[in-house]
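All values derive from a computational prediction rather than experimental measurement. Note that these values count all heavy atoms, side chains included, but never hydrogens, waters or copies made by symmetry. Chain identifiers are assigned alphabetically (A, B, ...) following the order of the sequence lines, protein sequences preceding nucleic acid strands; residue numbering begins at 1 within each chain.
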Amino acid sequence: MIAAHEHLAVVPVVLPLAAGALMLALDEERHRLKAALNAVSIAALIAACLALVVQADTGRVQVYAIGNWAPPFGIVLVVDRLSALMVLLSGALAAGALAFSLARWHRAGPRFHTLLQFMLMGLNGAFLTGDLFNLFVFFELLLAASYGLALHGSGTRRVSASLHYIVINLTASLLFLVGVALIYGVTGTLNMADLATRLPAVDEADRGLAQAGAAILGVAFLVKAGMWPLGFWLPGTYAAASAPAAALFAVLTKVGVYAVLRLSSLFPGGAVDGGLLLAGGMVTLAFGLAGVLASQSLARLAGFSLLASSGTLLAVIGMGDARATGAALYYLVASTLGVSALFLLIELVERARPPGADMLAVTRAAFLGASEERDPEEEDESGVVIPATMALLGLSFLGCALLVAGLPPLPGFVAKFAMLASLLAPDPVPGAAWGLLVLLTLSGLASIIAMGRAGLQVFWAHPALGVPRVRLVEMAPVAVLLGLCLALTAQAGPAMRYAQDAAQALHAPRGHAEGAPRRP
Amino acid sequence: MEPVLAIGIGVLAGSGVWLLLRPRTFQVVIGLSLLSYAVNLFIFVMGWVRGGAAPFVQPGAPVDPARFADPLPQALVLTAIVITFAMTALLLVVLLASRGLTGTDHVDGREDEE
């Protein structure tokens with residue numbers, strides 16, 4: 001018999017499932033009731049996740065056998081520092097997305113709340129599971145819900161972007177299956193902890209097959225993470241998605257990164273090529289950097305900065321240094337919160353602008369010449385009263401920009417500093433670390449230029465365009481997400497220590513081993 | 001038996017990939033279906049090909065593992081089939097929506113300019 005508090009581990013999966021299923025039974029028009037249910041469920045979820053984080057931080061790795069079936073036959077959930085942190089992160093993003101949607105988005109389609117809950121279930125399951133095939137199932141769950149959310153609000157642009165998104169992810173899922181099948185064929189198990197003990201013992205003849213399986217799995221995960229040649233779909237899809245959906249999608253690339261981390265922890269002794277990850281991450285970072293500079297619309301800018309953050313993570317993880325990975329985990333949390341807030345903010349900001357004003361300053365200046373900049377009405381020097389809304393939006397935008405570019409005082413800076421510090425620690429410093437340092441610095445510069453340009457255009461160039469109508473419930477999540485980031489800076493010490501411990505556990509040989517089935 | 005299966009999987013996967021890269025949405029859907037058949041067969045084969053073996057043991061009878069098929073890949077295939085089936089259905093709906101909204105069945109929502 002398992003003690004009652006042990007069941008906490010399964011709450012992040014079961015609670016959204018129950019809430020989502022209950023909402024399916026409700027009438028389509030009862031938005032208010034569904035919103036209340038959703039809010040209660042997410043609040044309870046966050047409480048459970050907090051408890052899990054506290055529990056995991058004692059250093060205990062909890063292995064929860066679903067249905068109390070013993071591991072070789074049953075499926076286990078594994079709660080360690082990393083998975084507890086990721087579950088908490090997705091809960092926080094979901095709360096932000098839900099609060100934002102309450103103003104109007106949740107009425108744009110009949111099943112928004114249900115899809116949100118199911119997506120949460122998939123996310124949490126993917127983070128917690130200790131079984132490779134179960135990971136596939138949860139991936140599919142979260143992807144199925146994300147297809148629905150990407151389509152939320154409909155419209156030509158969303159439908160065609162979703163079409164690409166669905167096809168690409170279906171193909172990636174098929175690759176995932178091939179990888180899982182190969183690994184099962186070689187090792188005869190899908191339990192991750194069991195795999196970690198059996199993979200080193202694989203016959204020399206079969207080793208190539210197992211590595212091929214892992215490589216194919218890796219490709220499937222990297223499609224989700226948006227690594228360079230595989231990430232072209234990302235900015236378009238995210239830019240087309242409705243704001244709350246995009247805010248939640250900010251964590252999707254991190255699912256890919258998380259899966260890569262877990263997978264590489266299964267192969268002690270370099271079966272996963274860190275060099276490839278490093279190179280891919282650096283190219284992704286460069287691509288994201290170029291994309292950020294070239295973006296004509298704010299939403300695409302946010303999409304590309306997501307790619308850049310994904311590239312940073314992959315490159316730093318590819319260095320294979322436990323301390324660098326710890327800093328990368330801290331960066332993961334900070335950048336996800338920041339980009340999520342940015343996606344929400346963009347929708348609010350763009351409301352003020354006339355439709356089709358997506359052309360940013362560069363293009364306008366290049367095509368129309370400087371004369372257009374002097375509108376007669378702007379000659380009026382009577383002093384512009386800055387309304388509180390605009391000030392608040394501007395401040396939040398500044399916060400997002402600082403966070404994405406990695407400038408103090410927000411945690412983006414702390415994270416980048418910690419990553420660079422650990423990369424430059426070994427003596428002599430490897431050449432790749434220098435390259436990464438240059439790229440990281442450049443990406444900060446590029447983000448600042450692009451965000452500054454966009455901010456100038458939106459907030460200062462045309463103040464006469466009118467103040468967007470923003471409701472408190474829409475502004476609050478942006479403020480809370482940014483507030484969380486501030487808290488992350490204020491508590492950088494404990495947060496960084498937590499991330500470092502999580503990374504240590506990943507790099508320790510068989511850190512996951514408590515989930516292994518006991519064999520006679 | 002193995003060569004036949006291997007060739008079958010290869011042909012299915014090859015045709016699937018080719019169709020997947022075509023510009024018409026319907027071809028893409030068929031390509032994905034073919035590819036998923038190939039993958040499902042592939043998972044199935046991972047449990048080794050053993051004709052006429054059942055995946056369960058007789059109660060009471062002595063157990064000889066060599067005479068039984070591995071039940072796990074069969075369960076995995078079942079799950080995979082259900083999931084890809086549902087996803088294909090969803091994709092079909094999106095395909096129809098895209099066709100209705102853009103007036104073309106090109107995957108990009110517009111015809112190539114000649």
Any idea which of G100(B), A80(B), S36(B), A38(B) has the most non-hydrogen atom pairs under 4.5 angstrom with chain A? S36(B)
Calculate, to the nearest 0.5 Å, the distance between atoms OG1 and CG belonging to T25(B) and L91(B) respectively. 8.5 Å
Tell me the residues of residues 217-227 of chain A whose non-hydrogen atoms fall below 4.5 Å from those of chain B, in number order. none
In terms of heavy-atom pairs under 4.5 Å with chain A, which of L95(B), N40(B), V39(B), L76(B) leads? L76(B)
Look at the aromatic rings of H152(A) and F112(A) and report parallel, tilted or perpendicular, splitting at 30° and 60°. tilted
With a 4.0 Å cut-off, would you call R24(B) and D105(B) a salt bridge? yes
What part of L190(A) gets closer than 4.5 Å to chain B, counting heavy atoms only: side chain, backbone, both or neither? side chain
Sorted by chain and residue number, the ring pair (Phe, Tyr, Trp, His ring centres under 6.0 Å) partners of Y165(A) (sequence neighbours excluded) come out as Y147(A), W233(A)
Max heavy-atom pairs within cutoff under 4.5 Å with chain A, candidates L32(B), L20(B), T102(B), goes to L32(B)
Would you say the side-chain atoms of S295(A) pair up with the backbone N or O of G291(A), donor to acceptor, closer than 3.5 Å? yes
Residue part contacting chain A, namely of L90(B), when any heavy atom lies under 4.5 Å: side chain
Shortest non-hydrogen contact between A145(A) and L115(A), atoms and distance: CB-O, 3.6 Å
Pick whichever of I83(B), V17(B), V28(B), V29(B) has the most heavy-atom pairs under 4.5 Å with chain A. I83(B)
Please classify the contact between L175(A) and chain B as side chain, backbone, both or neither, with a heavy-atom cut-off of under 4.5 Å. neither
Nearest-0.5 Å distance, CZ of residue F249(A) to CG of residue L142(A): 9.5 Å
Does any N or O in the side chain of R198(A) come within less than 3.5 Å of the main-chain N or O of T187(A), such that one atom is a donor and the other an acceptor? yes
Kindly check if the number of other-residue, nucleotide or ligand heavy atoms within 6.0 Å of CZ (F232(A)) is above 12? yes
